[in-house]
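Just so you know, ligand 1 is whichever comes first in the structure, and atom 1 is the first atom listed for that ligand.
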Amino acid sequence: MHILTDVSLKHYSTMRLGGLAKALVEVSTKEELSEAIEWADKHAMPLLMLGGGSNVIFSDGFNGLVIVNRLNGYEVIAEDTKSATIKIGAGEPWDHIVKQTVQAGLSGIEKLSLIPGTAGATPVQNVGAYGAEIAEVLLELEVYDLKTHNFAILHKDDCQFSYRSSIFKSPKNRRYIITSITLRLSKRPPEPPFYDNLQYYLDKHQITTYTPQTIRDAVIAVRTSRLPDPELTPNTGSFFKNPVISVDHFNNLYQQYPTMAHWPTKDGHIKVAAGWLIEQAGLKGYQAHGMKIYEKHALVLVNDSAKSYADLATFRQEIIEKVKADFGIILEQEPELI
Ligand SMILES: Cc1cc2nc3c(=O)[nH]c(=O)nc-3n(C[C@H](O)[C@H](O)[C@H](O)COP(=O)(O)OP(=O)(O)OC[C@H]3O[C@@H](n4cnc5c(N)ncnc54)[C@H](O)[C@@H]3O)c2cc1C
């Protein structure tokens with residue numbers, strides 16, 4: 001285990017911003033993870049587990065130990081005629097896993113193709129795309145419990161999964177470090193109905209045979225046409241959550257904006273598309289402070305040449321103020337601010 005000190009977090013976040021981590025270590029085994037935790041305890045330092053850094057924004061560095069997850073592994077632990085159960089190391093790059101399962105003819109995560117980051121981070125915000133969520137195929141996960149200082153198994157029902165949320169998401173609940181996830185994937189091909197934009201792509205390309213591979217290919221094509229590659233263009237995907245507003249508020253706005261993208265929520269409110277609000281506020285393509293709003297997707301903020309978090313914070317505030325002035329809605333940031 002090699003602990004580095006005063007490491008720039010810029011290289012560990014896909015937004016390519018951040019101050020210094022007081023200490024940082026990359027761990028590839030469970031033993032190294034235990035050692036790193038002991039080291040942080042001994043030095044009375046807070047811990048932060050990091051995967052690919054594609055869903056975090058560092059405001060001013062981290063005054064503690066950042067543990068970067070490199071725990072590998074891919075093992076088929078059970079199989080029958082209908083399904084395969086696979087245990088995956090939490091540090092595996094997520095899309096490598098999707099590719100591998102798709103090549104094995106397994107269905108269940110093909111719609112989650114090309115989501116950046118690690119396998120172990122997927123349960124944190126219950127990652128989802130094109131109508132699929134990791135919670136649907138997750139059986140259990142192995143964690144290091146910082147309260148009991150032991151490795152433990154949590155079952156899906158222990159994780160309180162909901163839309164983009166779980167017990168792991170809240171910073172107050174940083175009790176668990178996920179070390180592996182176990183998924184049950186199906187040997188049956190994916191079935192329609194598919195999300196509108198996916199179905200549109202399939203129809204346009206006359207794809208009528210639905211296999212994990214044809215759906216993965218379609219998802220990759222649709223995503224790459226709309227989202228920037230964080231390896232080339234620093235960003236963290238969707239920057240704002242889709243806001244939820246009251247029916248009265250929505251009705252008032254809808255009279256003025258009948259094309260407003262929206263969905264009813266289970267608790268009687270209305271969710272509106274944050275990207276639509278930003279676009280209607282005339283901000284698509286807007287650039288300032290070294291940041292810009294991606295031309296092909298108004299929900300994505302790109303770091304062009306921002307020098308620090310302060311640049312991003314000023315830019316974010318301008319967007320929030322404009323959307324608030326136009327629609328009376330206050331946007332909230334989606335990636336965790338650390
Ligand atoms: C271009 C782009 C597109 C995206 N598209 C989607 C999408 O379609 N759907 C979607 O849901 N998300 C999407 N995201 C967001 C992001 O990729 C996912 O949330 C991803 O799962 C984050 O993985 P990561 O390894 O980078 O996590 P990180 O950013 O490193 O960490 C995110 C959070 O998880 C915690 N964490 C990470 N690993 C562990 C662990 N092993 N144990 C405990 N806690 C941990 C961290 O402490 C932090 O709180 C997108 C991001 C980008 C840049």
Side-chain angles (χ1 to χ4, degrees), residues 9 11-16 18 26-27 30 33 37 46-58 62 64-72 88-98 109 111-135 141-146 151 154 159 161 163-181 195 197-198 219-220 222-224 226-239 241-242 294 296-297 299-303 333-338:
L9 286 165
H11 309 295
Y12 292 92
S13 148
T14 60
M15 193 57 108
R16 303 276 173 258
E26 300 195 7
V27 297
K30 281 165 57 179
L33 175 64
I37 294 165
L47 277 180
L48 175 70
M49 192 71 201
L50 205 59
S54 64
N55 214 27
V56 290
I57 302 285
F58 292 108
F62 185 70
L65 175 66
V66 173
I67 304 181
V68 183
N69 196 337
R70 306 279 188 233
L71 294 166
N72 291 330
I88 299 155
E92 287 282 354
W94 173 246
D95 196 51
H96 291 189
I97 296 301
V98 181
I109 53 175
K111 290 181 198 154
L112 306 180
S113 288
L114 223 59
I115 294 181
T118 52
T122 57
V124 175
Q125 72 155 0
N126 184 17
V127 297
Y130 303 100
E133 284 182 344
I134 193 69
L141 30 80
E142 187 190 39
V143 294
Y144 183 94
D145 184 342
L146 292 164
F151 288 95
L154 294 183
C159 302
F161 285 120
Y163 177 73
R164 297 296 170 277
S165 187
S166 73
I167 53 162
F168 312 107
K169 175 90 177 174
S170 153
K172 281 182 245 108
N173 203 351
R174 286 238 174 82
R175 173 173 168 184
Y176 302 112
I177 290 178
I178 300 165
T179 53
S180 74
I181 61 172
Y195 253 39
N197 49 359
L198 197 52
V219 167
I220 289 176
V222 174
R223 286 184 74 101
T224 45
R226 300 184 73 228
L227 290 166
D229 177 353
E231 292 292 324
L232 308 171
T233 309
N235 78 94
T236 48
S238 301
F239 193 84
K241 293 179 192 165
N242 287 326
Y294 194 54
K296 294 182 191 164
H297 197 333
L299 202 46
V300 178
L301 267 55
V302 166
N303 172 8
Q333 181 173 313
E334 181 183 302
E336 188 182 340
L337 184 63
I338 293 175

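In the model, Tyr176 has no side-chain atom that pairs as donor or acceptor with a side-chain atom of Glu142 under 3.5 Å. If you check the side chains of Glu334 and Ser238, you find no donor sitting under 3.5 Å from an acceptor.
Here the shortest heavy-atom distance to atom 19 (O) of ligand 1, taken over Glu336, Glu133, Gln125, Arg164, belongs to Gln125. If you check each of Val66, Val68, Val127, Leu50 against atom 18 (C) of ligand 1, the one with the closest non-hydrogen atom is Val127. Between atom 22 (C) of ligand 1 and the options Ala119, Gly117, Ser54, the minimum heavy-atom separation is to Ser54.
Contacts with ligand 1 closer than 4.0 Å are made by backbone heavy atoms (N, CA, C, O) of Pro228 only, the side chain lying farther away. Heavy atoms from both the backbone and the side chain of Met49 come within less than 4.0 Å of ligand 1. Counting heavy atoms under 4.0 Å from ligand 1, residue Asp229 does not touch it at all. With a heavy-atom cut-off of 4.0 Å, Trp94 does not touch ligand 1 at all. Contacts between Val124 and ligand 1, counted as non-hydrogen atom pairs separated by less than 4.0 Å, involve the side chain only. With a 4.0 Å heavy-atom cut-off, ligand 1 is reached by the side chain of Asn69 but not by its N, CA, C or O.
In Phe151, the CZ atom is crowded: over 12 heavy atoms of neighbouring residues, nucleotides or ligands sit closer than 6.0 Å.
Nearest protein neighbour of atom 4 (C) of ligand 1, counting heavy atoms only, is Arg223 NH2, 3.5 Å.
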